[in-house]
Visitor: 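Take a look at the following structure, please.
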Amino acid sequence: MLKKELKEKVEQCYMELAQAEELPQADLPKGHLISVPKQEEHGDFASNLALTMAGPLKMPPAKIAQALQNGLVRDPLFSKVEVAGPGFLNLFISDSFWQGHLRTIIQAGRRYGESREGENRKVLVEFVSANPTGPLHVGHGRGAAVGDSLARIMAAAGFDVSTEYYINDAGNQMQTLGRSVYLRYLEHFGQDVEFPKECYQGEYIREIAVRIAKQEGDRFISLPFDECSQFFIEQAVQEISQGIREDLEDFNVHFDNWYSEKRLHSSGFIQDTIQELQAEGFIYEKDGALWFRTTEFGDDKDRVVRRSNGELTYFAADIAYHREKFQRGYEMLVDIWGADHHGYVPRVKAAIQAMGHDPKGLQVLLVQLVNLIQGGKLKAMSTRAGEFVTLREVLDDVGTDAARFIFLTRRCDSHLDFDLDLAKSQSQENPVYYVQYAHARLCSVFEKAAEAGLIQDRDNALDELLDMGEMDLSLLKEPEELRIMKLLASFPETVAGSAAALEPHRISYYLHDLAGLLHKFYAKHRFVGDDNVLSTARLVMAGATRTVLANGLAMLGVSAPEKM
RNA sequence: CCGCCCAUAGCUCAACUGGAUAGAGCAACGGACUUCUAAUCCGUAGGUUGGAGGUUCGAGUCCUCCUGGGCGGGCCA
């Protein structure tokens, strides 16, 4: 990756100058970094080394920069090195570098954008993990898009990534769920029942009840709930989970593993974990309950892990679950939660620390809730009250591509107003089409190139281009071309940065920028024109651009259509 | 009362982890299809980055306080 090379080059240059006693000796500063200036006139890259060394060297930054400049200009990679502003080194890269890089992109193909920044670290990304008590709503959709894309991005950046869905199929909510279906079942057979407020109100509950009634008949109507709760719970969980899996599948979200909380209970692993913690002195008894000293690790108050009635809390299961994740060998855990669970972060981190892990080994990404807007007003969402817009509904309205792109074009910690009417009617103005259209246009360029006889086989065009003998990439020197080539070269860094910061939205913005440059070029110049040598060179650029657009869209889980 | 998150163009959002003159898309206005897809492009307009201090060569970004909005604070999940 270019930035890294440049950083080394600049630092190497300083070391040589220090060696030659042209500059005083000092340690390299931590704050040195290579950035991309906002203004094109400020070069392709800028180094702040002189600024960060002004203090240690006790010299004016401009003077240090000048010495570095004299050393760096000798490198053929640079077409120009300037000292600017308070002491920046502006680095201008030779055109030939960018031109040659196009071949690198095409050679790498699907793999372009990958890097080894993650150093093969084992990471588990856990997301959605919605309770199997109802269909996924839009908020879950956002978490799903973020988690799934982040996993893809981190994999590309060289992490060894697995994804997991934690199924909360234990606890009180299961009783409530079963009872809800049971009561609807009784209603179906004409019994007059009181349907409590705390039960799940959604229509899907009735649908499950009706299905059971059809299959099983009325054989449960004389049984009290306690005697058939298991059956109703299992049926409901099974059916709802199936729906969730289908929704996610259609949303292009895939999990490597589905992890059942119930199994965590039945295996005795939670009890075992509590005993371990107790042995370490982190657990104490008060008022008949067992408490975890999370305050020792910065939490506001201690938390109950086993209630006085003997039941384990959700938190207890969570501790065991995270312990088990580490036991499976993961070095880094990424949890994606709804922001309404933010109060949980300190206690789970406390638990991890108590178990001897670095709290930084768990990164919790809090995804802000989605505000759904329909008819200009806010829609309330509550699973219990049964008032929610499901992910399914949104998918049917807007489609997977648009929904995913909208979710991924915002930072996680900013609220998202999802305007359904707009998303539906917006089909022409939706940002996702801007990027997809760029890809489709490039595909048709290749079709045109095949017609013109520049390439033989449209499907293997990229391989063909690489094998072509006479090729003059130095013809690519229009400003629009250079901008595209430069942005293409920064794709791997963007992916690595997106992974490191756990910010998938950076890929969306990158793609939008790239599509913009492509559209600008397209309006001003022609890929396939009268000059065959120039056209061939431009086809190489088209191929490289198409590759990056396709790879980036794949990371977002958005399709890259050949025609629109 | 306490804690976490947010506040940037009329609207929805960016800003590469502290860098140079804060950028896109919608919406508004004016232009561009005989040419590889006009789901596009070009131009105009739009800002005291909620407010006040502080840290330093340098702040939308970091620290403190204030204002306004969201979400939490159970032996619920």
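Every chain is numbered from 1, with letters handed out A, B, ... down the list of sequences.
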Visitor: So, is A:K520 near the phosphate of B:C42, with a side-chain N or O under 4.0 Å from OP1 or OP2?
Guide: yes

Visitor: Could you tell me whether A:Q368 contacts a base, only the sugar-phosphate backbone, or nothing, with contacts defined as non-hydrogen atoms closer than 4.0 Å?
Guide: sugar-phosphate

Visitor: Which nucleotide in the set B:A15, B:C36, B:G74 lies at the smallest distance from any side-chain heavy atom of A:V445?
Guide: B:C36

Visitor: The side chain of A:D413 is closest to which nucleotide in this list: B:C5, B:C75, B:A15?
Guide: B:C5

Visitor: Determine, for A:Y509 and A:R506, whether the Lys NZ or Arg CZ falls below 6.0 Å from the six-membered ring centre while staying within 45 degrees of the axis.
Guide: no

Visitor: Hunt down the Watson-Crick or G-U wobble partner of B:G43, both distances under 3.5 Å, from any strand shown, or write none.
Guide: B:C29

Visitor: Between B:A59 and B:U21, how far apart are the P atoms? Round to whole Å, please.
Guide: 10 Å

Visitor: A:H505 has a side chain; which of B:C36, B:C71, B:A14 sits nearest to it?
Guide: B:A14

Visitor: Work out how far the C1' atom of B:C63 is from that of B:C13, and round it to whole angstrom.
Guide: 27 Å

Visitor: Let's see if you can work this out: which of B:U17, B:A14, B:G19 has an atom nearest to the side-chain heavy atoms of A:A501?
Guide: B:U17

Visitor: Of all the choices, B:U40, B:A39, B:C36, which nucleotide is nearest to the side chain of A:R441 once you look at every atom?
Guide: B:U40

Visitor: When the C1' atoms of B:G47 and B:A22 are considered, how many whole Å apart are they?
Guide: 9 Å

Visitor: What nucleic acid atoms does A:N48 come within less than 4.0 Å of, heavy atoms only: base, sugar-phosphate, or nothing?
Guide: base

Visitor: Would you check if A:H42 stacks with the base of B:A20, given a 5.5 Å centroid limit and a 30° plane limit, both strict?
Guide: yes

Visitor: What integer number of Å spans the P atoms of B:U8 and B:G73?
Guide: 27 Å

Visitor: Rounded to the nearest angstrom, tell me the gap between atom CD in A:E493 and atom P in B:U17.
Guide: 11 Å

Visitor: If anything within 90° of 0 is syn and all else is anti, what is B:U64?
Guide: anti

Visitor: Can you see if the side chain of A:S414 gets near the phosphate of B:A14 - specifically, an N or O under 4.0 Å from OP1 or OP2?
Guide: yes

Visitor: Using atom NE2 of A:H415 as one end and atom P of B:U8 as the other, report the distance to the nearest whole Å.
Guide: 13 Å

Visitor: Taking only side-chain nitrogens and oxygens of A:R411, does any of them come within less than 4.0 Å of OP1 or OP2 of B:A14?
Guide: yes

Visitor: Using ring centroids (six-membered ring only for Trp), state whether A:F446 and A:F527 fall under 6.0 Å.
Guide: no

Visitor: Using modelled atom types only, decide if a donor and an acceptor are shared between the side chain of A:H519 and the backbone of A:Y434 within a distance under 3.5 Å.
Guide: yes

Visitor: Just wondering, do A:F88 and B:A20 stack (centres under 5.5 Å, planes under 30°)?
Guide: yes

Visitor: Just compare B:A20, B:G74, B:C36 and give me whichever is closest to any side-chain atom of A:P37.
Guide: B:A20

Visitor: Indicate yes or no for a side-chain donor-acceptor contact from A:Y433 to the backbone of A:A402 under 3.5 Å, with no hydrogens or angles considered.
Guide: no

Visitor: Using a heavy-atom cut-off of 4.0 Å across all strands, would you classify A:T409 as base, sugar-phosphate, or nothing?
Guide: sugar-phosphate

Visitor: Taking atom P in both B:A7 and B:C26, compute the distance separating them and give it to the nearest angstrom.
Guide: 23 Å

Visitor: Applying the Watson-Crick and G-U wobble criteria at under 3.5 Å, what pairs with B:U49? Answer none if nothing qualifies.
Guide: none

Visitor: Going by an N to O cut-off under 4.0 Å, is there a salt bridge joining A:K4 and A:E117?
Guide: yes

Visitor: Starting from the 5' end of RNA chain B, give me the residue, A:H519 or A:C412, whose nearest nucleotide shows up first.
Guide: A:C412

Visitor: Please tell me which of the listed nucleotides, B:C16, B:C75, B:G19, lies nearest to the side chain of A:T52?
Guide: B:G19

Visitor: Of all the choices, B:C71, B:G19, B:A20, which nucleotide is nearest to the side chain of A:H342 once you look at every atom?
Guide: B:C71

Visitor: For the residue pair A:Y314 / A:Q173, report whether a side-chain donor-acceptor contact shorter than 3.5 Å exists.
Guide: no

Visitor: Tell me what A:A438 touches on the nucleic acid: a base, only sugar-phosphate, or nothing, going by heavy atoms under 4.0 Å.
Guide: nothing

Visitor: Starting from the 5' end of RNA chain B, give me the residue, A:L312 or A:L369, whose nearest nucleotide shows up first.
Guide: A:L369

Visitor: For B:G46 and B:C11, measure between their C1' atoms and round to the nearest Å.
Guide: 12 Å

Visitor: With heavy atoms under 4.0 Å as the rule, sort A:A452 into base, sugar-phosphate or nothing.
Guide: nothing

Visitor: Rounding to an integer number of Å, can you tell me how far A:R526 CZ sits from B:C33 C1'?
Guide: 13 Å

Visitor: Would you measure the distance from the P atom in B:A9 across to the matching atom in B:A24 and give it in whole Å?
Guide: 15 Å

Visitor: Counting the atoms with a prime plus P, OP1 and OP2 as sugar-phosphate, which does A:F446 contact under 4.0 Å by heavy atoms, base, sugar-phosphate, or nothing?
Guide: nothing

Visitor: Could you let me know what B:C2 is paired to, Watson-Crick or G-U wobble, both distances under 3.5 Å, or none if it's on its own?
Guide: B:G72

Visitor: Rounded to the Å, how far apart are A:L511 CG and B:C13 P?
Guide: 20 Å

Visitor: Please work out if A:N168 contacts a base, only the sugar-phosphate, or nothing of the nucleic acid, heavy-atom cut-off 4.0 Å.
Guide: nothing

Visitor: Are OP1 or OP2 of B:C76 and a side-chain N or O of A:R307 less than 4.0 angstrom apart?
Guide: yes

Visitor: Could you give the CD-to-C1' distance, from A:E480 to B:U40, as a whole number of Å?
Guide: 15 Å

Visitor: Distance criterion of 3.5 Å, no angle test: do you see the side chain of A:N90 paired donor-to-acceptor with the base of B:A20?
Guide: yes

Visitor: Is it the case that the side chain of A:K349 and the backbone of A:L362 share a donor-acceptor pair, with hydrogens and angles ignored and the cut-off at 3.5 Å?
Guide: yes

Visitor: Tell me whether A:K7 at atom NZ has more than 12 heavy atoms from other residues, nucleotides or ligands lying less than 6.0 Å away.
Guide: yes

Visitor: Pick base, sugar-phosphate or nothing for A:H525, based on heavy-atom distances below 4.0 Å to the nucleic acid.
Guide: base

Visitor: Could you check whether any side-chain N or O of A:S508 sits under 3.5 Å from a backbone N or O of A:L408, counting only pairs where one atom can act as donor and the other as acceptor?
Guide: yes

Visitor: If you measure from the P atom in B:G70 to the same atom in B:C75, how many Å do you get, rounded?
Guide: 27 Å

Visitor: Rounded to whole angstrom units, what separation is found between the CD atom of A:E503 and the C1' atom of B:U61?
Guide: 12 Å

Visitor: Which is true for A:L416 with a 4.0 Å heavy-atom rule: it touches a base, it touches only sugar-phosphate, or it touches nothing?
Guide: sugar-phosphate

Visitor: Could you classify B:C33 for me, syn or anti, using a glycosidic angle within 90° of 0 as syn?
Guide: syn

Visitor: Taking the side chain as C-beta and beyond, is there a heavy-atom pair between A:Q175 and A:I233 under 4.5 Å?
Guide: yes

Visitor: Any strand is fair game: report the nucleotide pairing with B:A14 by Watson-Crick or G-U wobble, both distances under 3.5 Å, or none.
Guide: none

Visitor: Looking only at side-chain atoms of A:V528, point me to the closest of B:C71, B:C36, B:C16.
Guide: B:C36

Visitor: I want to check one thing: is the phosphate of B:C41, taken as OP1 and OP2, less than 4.0 Å away from some side-chain N or O of A:Y434?
Guide: yes

Visitor: With a 3.5 Å limit on both atom pairs, tell me what B:A7 is paired to, counting Watson-Crick and G-U wobble, or say none.
Guide: B:U67

Visitor: Tell which nucleotide pairs with B:G60, taking only Watson-Crick or G-U wobble pairs whose two distances are both under 3.5 angstrom.
Guide: none

Visitor: Rounded to whole angstrom units, what separation is found between the CZ atom of A:F418 and the P atom of B:C11?
Guide: 21 Å

Visitor: Can you identify which nucleotide, out of B:U21, B:A15, B:A39, has its nearest atom closest to the A:K38 side chain?
Guide: B:A15

Visitor: Calculate the interatomic distance between A:I270 atom CD1 and B:A77 atom C1'; express it in whole Å.
Guide: 14 Å

Visitor: OP1 or OP2 of B:A32 less than 4.0 angstrom from a side-chain nitrogen or oxygen of A:K524, does that happen here?
Guide: no

